[in-house]
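In what follows, chains are A, B, ... by sequence order, proteins preceding strands, each numbered from 1.
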There are 2 protein chains.
Amino acid sequence: MYLAGSRQGGFHCSAGDRLIESTRELLWERGYVGTSPKAIPERSGAGQGSMYHHFKGKPDLALAAIRRTAEEMRATAEGVLDGPGTPYERIEAYLRRERDVLRGCPVGRLTMDPYVIASDALRAPVDETLDWLRERLAQIVEEGRERGGFAAGLDGEEIAATIVATVQGGYVLARASGSPAAFDAGVRGLLSLLSPPADTRAP
Amino acid sequence: MYLAGSRQGGFHCSAGDRLIESTRELLWERGYVGTSPKAIPERSGAGQGSMYHHFKGKPDLALAAIRRTAEEMRATAEGVLDGPGTPYERIEAYLRRERDVLRGCPVGRLTMDPYVIASDALRAPVDETLDWLRERLAQIVEEGRERGGFAAGLDGEEIAATIVATVQGGYVLARASGSPAAFDAGVRGLLSLLSPPADTRAP
DNA sequence: GTCTATACTGCGATAGAC
DNA sequence: GTCTATCGCAGTATAGAC
């Protein structure tokens with residue numbers, strides 16, 4: 001049985017790991033209902049029996065996959081938000097970072113899955129990740145406000161929610177139109193609204 | 001056979017209509033893959049054979065349902081955006097209008113359905129509706145810029161994309177956390193960014 | 001541990017009585 | 001037009017050989 005949280009040596013090459021990876025891909029592409037327990041081992045080149053040896057069933061495997069996806073997304077965001085630059089620049093870097101826009105957000109997507117939302121265990125990693133992201137962005141906005149980069153009247157938590165929502169909604173617009181253009185437009189619009197007055201910017 | 005577009009007398013009470021209505025509900029709650037051709041007539045109190053008499057199958061019925069949902073969403077938005085008030089006030093009214101936040105957007109939700117996105121026919125009503133909404137908002141932003149309510153440097157299309165994205169992403173945040181609070185925070189944040197300078201506002 | 005074979009349940013659609 | 005009966009197939013899970 002695969003133990004969630006451990007990596008069994010640190011290499012991502014055990015059978016359990018490969019099953020989790022193919023589940024992550026399938027959840028991203030097709031969502032929970034659209035992912036069959038037959039397709040998972042098929043994609044990782046294993047037999048179905050092997051899967052049921054390592055995991056109790058589809059929900060168990062989904063939990064492991066969702067946890068890992070959430071962890072990864074958080075690490076990626078952390079890398080950008082903890083980077084160098086002014087608060088505005090770090091937020092800009094986050095908004096402009098490379099994304100597979102048309103594939104959607106592997107975490108945000110799950111909120112449209114009724115089964116995921118109905119299960120506290122499956123929803124928790126999604127909630128915690130988006131919540132962490134909002135709090136981290138709120139800190140940065142507050143920091144920018146103190147240093148004069150952002151307008152004094154802004155509320156850090158509210159702006160953080162707007163930033164995350166713009167990204168998540170950008171995926172929706174892009175997928176609807178079949179082009180990343182709308183995502184980029186939304187980001188540019190938000191940046192223009194956040195843009196500090198000229199006299200506080202670097203030359 | 002039900003004819004898409006006609007209402008067969010104008011009353012929403014024919015069998016075809018009831019089937020479309022229950023399909024709309026199910027698509028909203030469970031998405032395309034999660035909606036079985038058994039559940040649809042069941043919910044509308046009919047037998048399965050009746051459904052296949054009126055519609056060619058699940059995709060046909062989904063098309064009729066999606067078209068009607070898109071039409072309704074557009075009419076709702078139009079009612080608010082064509083209402084009285086300054087450009088800022090109309091955008092505020094749109095952002096603050098009553099919503100069943102935790103249920104998500106019946107139109108935007110469909111973009112996370114691989115089957116819907118893969119079909120041009122099913123995706124078209126979704127795309128057209130969100131596209132119309134962005135264009136309408138862009139006009140209003142441009143209007144506000146000319147009248148001095150919005151900053152001169154803003155781009156109407158970009159801000160419109162940001163507005164729609166904030167709403168769509170707000171649903172994601174709300175569903176992730178199980179509370180509408182994050183949606184409201186995102187909207188307040190956006191409004192504070194859009195907020196015209198004090199000297200241009202009504203007293 | 002991994003595989004193939006098998007069971008059971010629903011999905012998606014059709015047939016044919018009324 | 002509507003219903004019940006039925007079909008073939010895929011989803012979900014288990015059994016048991018290797």
Listed pairs under 3.5 Å, donor-acceptor, residues 130-138 of chain A side chains, sequence neighbours left out:
unit_1: A:Asp131; atom_1: OD1; unit_2: A:Arg134; atom_2: NH2; d: 3.1
unit_1: A:Arg136; atom_1: NE; unit_2: A:Asp82; atom_2: OD1; d: 3.1
unit_1: A:Arg136; atom_1: NH1; unit_2: A:Gln139; atom_2: OE1; d: 2.7
unit_1: A:Arg136; atom_1: NH2; unit_2: A:Asp82; atom_2: OD1; d: 2.9

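Distances shorter than 4.0 Å separate some side-chain N or O of A:His54 from OP1 or OP2 on C:dT2.
Note on residues 152-188 of chain A: pairs passing ring pair (Phe, Tyr, Trp, His ring centres under 6.0 Å), not counting sequence neighbours, are A:Tyr171-A:Phe183. Sequence neighbours left out, not one pair with a member in residues 66-85 of chain B passes ring pair (Phe, Tyr, Trp, His ring centres under 6.0 Å).
Distance NE2 (B:His53) to P (C:dA13): 17 Å, rounded to an integer number of Å. Rounded to a whole Å, the CD atom of B:Glu42 is 16 Å from the P atom of C:dA13. Put simply, CD1 on B:Ile40 is 11 Å from P on C:dC11, counting in whole angstrom units. With rounding to whole Å, B:Phe55 atom CZ is found 18 Å from C:dT14 atom C1'.
A:Asp113 places no side-chain N or O within 3.5 Å of a backbone atom of A:Tyr115 that could act as its donor or acceptor partner.
Residues forming a salt bridge (charged side-chain N to carboxylate O under 4.0 Å, His left out) with A:Arg97 (at least two apart in sequence, or on another chain): none. With sequence neighbours excluded, the residues satisfying salt bridge (charged side-chain N to carboxylate O under 4.0 Å, His left out) with B:Glu72 are B:Arg24. A:Arg188 pairs by the salt bridge (charged side-chain N to carboxylate O under 4.0 Å, His left out) definition with B:Glu158, not counting sequence neighbours. A:Glu128 is linked by a salt bridge (charged side-chain N to carboxylate O under 4.0 Å, His left out) to nothing, counting only residues two or more places apart in sequence or in another chain.
Five base pairs at each end of the helix from C:dG1-D:dC18 to C:dC18-D:dG1 define two local axes, and these are offset by 10° (rounded to 10°).
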Using a cut-off of 4.0 Å between protein heavy atoms and nucleotide atoms, how would you tag nucleotides 3-18 of chain D 5' to 3' with B, S and -? BB------SBBB----
